[in-house]
Amino acid sequence: MNAPTTLRRVERVRHELKRRELTVQAVETLTPHFRRITLTDDSLSDFVSASFDDHIKVFLGDARRDFTPRSFDNAARELVIEFALHGDGPAAEWAARAAPGDTLAIGGPKGSLIVPLDYDWHLLAGDETAFPAVARRLEELPAGAKATVVLKAADAADRRAFASAADVGLTWVSTDDELLDAVRALSLPEGDGYAWCAGEAACMAALRRELVEVKGHPGEAIRAAAYWKRGAQGHHENL
């Protein structure tokens, strides 16, 4: 049985909500269905993103979509966003044709949920929409940290390496069912751990139930987010 969590808790902070008009500086194709876009503007000098799963609003005509700030550099006035090119939504369409000189309006983040780095272990699980947050988190984890990562990539060509100083065990799967099965098969380590998962709403709800109700992981030490929902547009929900 896992040891009870300590008094260590995540911290929620708020940020000044600000809209910024950015210009595409560079575009890089990471894998067949992912593009990394670097944006720039002087207004990024005071951009704040304090957590790996923060979200900004991207404004595309009448559509608004949530995206993770993959990285940012205040001094260089740069912000990097990774776009998944799945489906035919406005964000995927914009990213597929984006080129230097194009513009993009963003807002936020309006807040951050800061998860301490010194948990005994970290579990990160999700589908393709979780890749940017997972990549950022793994880069943040220090040497000596232990992370178990389970990721779904429907196209094996989208599987990639993630840089980290931590001790990382990475499992790739191809479907939501395989993702759930892989998490069900895990034996959670002893000690004080934090679980983070993001992806399709029904899959993430089932994954949270597995971790909390079946495996007994404390509900206050898990963040499960529905980054999208089948049949819905622009869905984002914390479960």
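Just so you know, these numbers come straight off a predicted model, no measurement behind them.
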Under the side-chain contact (heavy atoms from CB on, under 4.5 Å) test, residues paired with [X] that sit two or more places apart:
X: Asp54; result: Ser49, Ser51, Pro69, Pro109, Ser112
X: Glu82; result: Leu30, Arg36, Arg70, Pro132, Arg160
X: Ala133; result: Phe52, Asp53, Thr68, Trp196, Tyr227

Residues joined to Val80 in its hydrophobic cluster, side chain to side chain under 4.5 Å directly or through other members, sorted by chain and number, are none

State, yes or no, whether a side-chain contact exists between [X] and [Y] at a heavy-atom distance under 4.5 Å.
X: Ile114; Y: Val10; value: no
X: Asp127; Y: Leu151; value: no
X: Val27; Y: Thr38; value: no
X: Leu124; Y: Leu138; value: yes
X: Leu179; Y: Val150; value: yes
X: Leu39; Y: Ile81; value: yes

Any donor-acceptor pair under 3.5 Å linking the side chain of [X] with the backbone of [Y]?
X: Glu128; Y: Ala154; answer: yes
X: Asp176; Y: Cys203; answer: no
X: Arg64; Y: Leu60; answer: no
X: Glu210; Y: Ala206; answer: no
X: Asp102; Y: Thr23; answer: no

Sequence neighbours excluded, the answer for salt bridge (charged side-chain N to carboxylate O under 4.0 Å, His left out) partners of Asp46 is Lys18, Arg20

> So Ile106 and Leu79, side chain to side chain contact (heavy atoms under 4.5 Å, CB included) or not? Walk me through it.
Replying inline: CA-CA 11 Å; Ile106 69 163; Leu79 170 67; 3.7 Å; yes

Going through the checks in order, is the salt bridge (charged side-chain N to carboxylate O under 4.0 Å, His left out) test met by Lys146 and Asp120?
-> CA-CA 7 Å; Lys146 298 183 184 303; Asp120 296 326; over 6 Å; no

(message) Any carboxylate oxygen within less than 4.0 angstrom of a Lys/Arg side-chain nitrogen, looking at Arg137 and Glu140?
(response) yes

Taking only Lys NZ, Arg NE, NH1 and NH2, and the carboxylate oxygens of Asp or Glu, determine whether Arg77 and Asp41 approach each other closer than 4.0 Å. no

Please verify the inter-ring angle class for His217 with Trp121; under 30° counts as parallel, over 60° as perpendicular, anything in between as tilted. tilted

So OH of Tyr194 and CD of Glu220: to nearest 0.5 Å the spacing works out to 10.0 Å

(message) Tell me whether the NZ or CZ atom of Arg19 lies within the 45° cone about the ring axis of Phe59 and under 6.0 Å from its centre.
(response) yes

Val212 and Gly219 have their tightest heavy-atom pair at CG2-CA, 4.3 Å

Residues 147-193 vs ring-ring contact (aromatic ring centres under 6.0 Å, His included), sequence neighbours excluded, gives Phe131-Trp172

